[in-house]
Protein chains: 2
Amino acid sequence: MNRRVARVAGIDYLDLEEHLGYALRRAQVASFQAFHRATAGARITPPRFTALVILQANPGISQSTLGEVLGTARSGAMLLIDWLEARGLAERRHRPDDGRAWGLYLTLKGQRVTNDLRRRVRAYDRRFASRIAVDERRELLRLLRRLAT
Amino acid sequence: MNRRVARVAGIDYLDLEEHLGYALRRAQVASFQAFHRATAGARITPPRFTALVILQANPGISQSTLGEVLGTARSGAMLLIDWLEARGLAERRHRPDDGRAWGLYLTLKGQRVTNDLRRRVRAYDRRFASRIAVDERRELLRLLRRLAT
DNA sequence: TATTGTTATACTCTATAACTATA
DNA sequence: TATAGTTATAGAGTATAACAATA
């Protein structure tokens, strides 16, 4: 989180700067820092934000599926839900159809917090992207999605 | 490292996929996985690879400066150099001009390993980028650099 | 048998702060 | 007094494996 992105003066980076992976990493760090500023106060990380949005759009989802979306082991998803539940943002409800799984839901407070965060994150994303033109942003998104497939 | 990138079927991602930060993260994870495959065998991580390249291009650099380049605290740079030194890839030499600082250098083995890794990473980067056209890659690099500033 | 959630454990990365030796 | 390196410590994040309950 304290990670800087700026090039260090007088240092030869060789062909490092020609690597897509390196450029991606640096842009991602810059984006993360902007995200962190945007969500200052709330102790929200990108995975937590993602979980909130996914719960909002997919009420009743299971922890396993959430873990799949986040790309983490189920145990990690569980700890994340513990965290959200301890803050009254999410809740586990028994599922009548499957006694093993929980259905995950946002609480009313969780809804409010998520809506607020979504606004803030959307604003930060716009500000972050303001370094490039609107059609460049669209093109960038398209290329990034292609690489992420 | 086990993190998946694929979209999960049947899940509503809401406006998450419109966020640059989210797209950057996913692309970066995909890139990291490709990097990991490319460097399989060598227990090399992106920061370690960066350190090797920086040492190769900037012999005699200090740990503090290396930490600055990597965006980590000096203690982290130190542990990284410990790791490289233990494997005979880098060495610390006393600096005549400053008794506090070390000068960092690649060993002969470090040179060989770094050259090999650079070849492999360059190849992986090309393969990774093959999902997009050459001029698209150039444009992508340009936009990413702009965002990372 | 397979899957969900849970628990315990461990590992990696990294930050912080205090310390020393030099400058 | 400021800086480079070191050391110790702690925290976050996440993986793995074993287990109970349920399918």
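- The side chain of B:Thr72 lies closest to C:dA15 when the candidates are D:dG13, D:dT16, C:dA15.
- Non-hydrogen atoms lying under 4.0 Å from DNA chain D are contributed by B:Met78, all within residues 76-91 of chain B.
- Its side chain outside the 4.5 Å cluster rule for every partner, A:Leu108 clusters with none of the Ile, Leu, Val, Met, Phe, Trp and Tyr residues.
- In this view, A:Gln111 and A:Gln56 satisfy the side chain to side chain donor-acceptor pair (under 3.5 Å) rule, not counting sequence neighbours.
- Rounded to an integer number of Å, the gap from CD1 of B:Ile44 to P of C:dC13 is 11 Å.
- For the pair B:Ser62 (side chain) and B:Trp102 (backbone), a donor-acceptor distance under 3.5 Å is absent.
- Take B:Thr39 and apply the side chain to side chain donor-acceptor pair (under 3.5 Å) test, not counting sequence neighbours, and it matches no residue.
- Contact annotation for A:Ala101: backbone-only contact, meaning every heavy-atom pair under 4.0 Å involves sugar-phosphate atoms and none involves a base.
- Annotation: side chain to side chain donor-acceptor pair (under 3.5 Å) contacts of B:Asp12 (sequence neighbours excluded): none.
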When you compare the protein's N or O atoms with those of nucleotides 17-23 of chain D, which come within less than 3.5 Å of each other, and at what distance?
{"unit_1": "D:dT22", "atom_1": "O3'", "unit_2": "A:Gly99", "atom_2": "N", "d": "3.4"}
{"unit_1": "D:dA23", "atom_1": "OP1", "unit_2": "A:Gly99", "atom_2": "N", "d": "2.6"}

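- Qualifying salt bridge (Lys or Arg N to Asp or Glu O under 4.0 Å) partners for A:Arg138, counting only residues two or more places apart in sequence or in other chains: none.
- In terms of the salt bridge (Lys or Arg N to Asp or Glu O under 4.0 Å) criterion, B:Arg127 has no residue partners (sequence neighbours excluded).
- Residues forming a salt bridge (Lys or Arg N to Asp or Glu O under 4.0 Å) with B:Arg74 (at least two apart in sequence, or on another chain): none.
- Applying the side chain to side chain donor-acceptor pair (under 3.5 Å) criterion to B:Arg112, with sequence neighbours excluded, gives no partner residue.
- Partners of A:Arg37 by salt bridge (Lys or Arg N to Asp or Glu O under 4.0 Å), not counting sequence neighbours: none found.
- Among the nucleotides D:dA15, D:dG13, C:dC13, the one closest to any side-chain atom of B:Arg48 is C:dC13.
- Within residues 57-66 of chain A, the residues that place at least one heavy atom under 4.0 Å from DNA chain C are, in residue-number order, A:Ser62, A:Gln63, A:Ser64.
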